[in-house]
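Here the structure is a predicted model, which means the values were calculated and not measured.
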Amino acid sequence: MQSRPQSPQGTWLRAIAGALTLLLSAPSLAQQPASDDAAQQAFNNSCRTCHSVKEGDNRLGPNLNKIVGRKAGSLPNYNYSSSMEEAGFVWDQDKLTRFMVKPDEVVSGNKMQPYGGVSAEEAAKVVAYLQAASR
């Protein structure tokens with residue numbers, strides 16, 4: 001079986017196709033920090049004035065260190081509303097996202113009520129940031 005000689009154009013096209021395949025199939029290291037940066041920026045824009053991710057650093061709102069998996073209203077040394085203390089659930093990604101979007105629908109009578117109202121997309125970024133910052 002004889003092979004056909006390759007034209008310079010065919011070789012070039014194969015090289016481009018190979019490079020594109022590699023780029024599209026490999027995870028991009030350059031994109032990861034941007035995603036992390038966007039998540040942190042969402043937290044900074046929506047939450048940082050009242051909350052910290054540093055354990056023990058309670059501000060106007062409680063610190064959010066390890067919030068996912070924590071029982072609502074249970075952080076020691078923070079003065080929660082009675083409705084938050086009596087909420088009776090554990091924060092998960094969905095509950096936390098819904099709380100940021102419409103706090104009063106998740107815990108009626110909470111202290112954050114006038115401050116809520118971020119978009120679901122921004123709330124999802126914040127939850128991603130909180131999980132990454134709590135590791």
Side-chain angles (χ1 to χ4, degrees):
M1 191 177 214
Q2 286 185 323
S3 63
R4 290 183 159 164
Q6 296 237 349
S7 70
Q9 187 178 24
T11 303
W12 182 79
L13 288 174
R14 278 197 176 84
I16 295 284
L20 284 173
T21 301
L22 182 62
L23 285 173
L24 294 174
S25 64
S28 173
L29 297 176
Q31 288 180 352
Q32 187 60 36
S35 175
D36 292 346
D37 289 346
Q40 183 172 3
Q41 188 65 46
F43 173 82
N44 290 347
N45 291 344
S46 302
C47 312
R48 188 178 67 177
T49 300
C50 300
H51 296 279
S52 170
V53 293
K54 183 179 174 190
E55 187 174 3
D57 185 10
N58 296 323
R59 297 178 180 180
L60 184 58
N63 80 74
L64 301 177
N65 183 270
K66 298 181 182 174
I67 184 74
V68 176
R70 182 193 307 159
K71 184 177 184 284
S74 67
L75 191 65
N77 302 318
Y78 183 76
N79 184 24
Y80 289 99
S81 65
S82 59
S83 59
M84 186 62 77
E85 288 177 345
E86 297 165 5
F89 64 80
V90 173
W91 291 110
D92 62 18
Q93 293 175 350
D94 178 61
K95 186 89 63 179
L96 197 52
T97 299
R98 289 188 302 119
F99 183 73
M100 284 185 270
V101 174
K102 294 185 179 178
D104 205 42
E105 288 184 10
V106 177
V107 180
S108 182
N110 66 78
K111 289 183 178 180
M112 195 173 96
Q113 187 176 7
Y115 305 105
V118 300
S119 71
E121 182 181 325
E122 287 296 296
K125 288 178 187 176
V126 170
V127 172
Y129 172 74
L130 293 174
Q131 289 182 298
S134 295
R135 289 183 187 150

Please name the pair of heavy atoms, one in [X] and one in [Y], separated by the smallest distance, quoted to 0.1 Å.
| X | Y | result |
| --- | --- | --- |
| N58 | L75 | OD1-CD2, 3.4 Å |
| A72 | A87 | CB-CB, 4.0 Å |
| V101 | A123 | CG2-CB, 4.1 Å |
| V118 | S46 | CG1-OG, 3.4 Å |
| K54 | N65 | C-CB, 4.3 Å |

Are [X] and [Y] packed together at the side-chain level, in the sense that at least one heavy-atom pair is separated by less than 4.5 angstrom?
| X | Y | value |
| --- | --- | --- |
| K102 | R98 | no |
| V127 | M100 | yes |
| L130 | V68 | no |
| C47 | V126 | yes |
| V107 | M112 | no |

Under 3.5 Å, side chain of S52 to main-chain N/O of N63, donor-acceptor pair present? no
Measure from the side-chain N and O atoms of Y78 to the backbone N and O of G56, and report whether any donor-acceptor pair falls under 3.5 Å. no
Salt bridge (charged side-chain N to carboxylate O under 4.0 Å, His left out) with D57: which residues, sequence neighbours excluded? R59
Could you measure the distance from the NZ atom of K95 to the CD1 atom of I67? Nearest 0.5 Å is fine. 12.5 Å
Between the CZ atom in R48 and the OH atom in Y129, the distance rounded to the nearest 0.5 Å is 9.0 Å
Please set out all donor-acceptor pairs under 3.5 angstrom arising from side-chain atoms of residues 38-45, sequence neighbours excluded.
| unit_1 | atom_1 | unit_2 | atom_2 | d |
| --- | --- | --- | --- | --- |
| Q41 | NE2 | N45 | OD1 | 2.8 |
| N45 | ND2 | Q41 | O | 3.4 |

I'd like to know if Y80 and F89 are part of one continuous hydrophobic network [Ile/Leu/Val/Met/Phe/Trp/Tyr, side-chain heavy atoms within less than 4.5 Å]. yes
Check against side-chain contact (heavy atoms from CB on, under 4.5 Å), N79 and K111: CA-CA 10 Å; N79 184 24; K111 289 183 178 180; 3.8 Å; yes
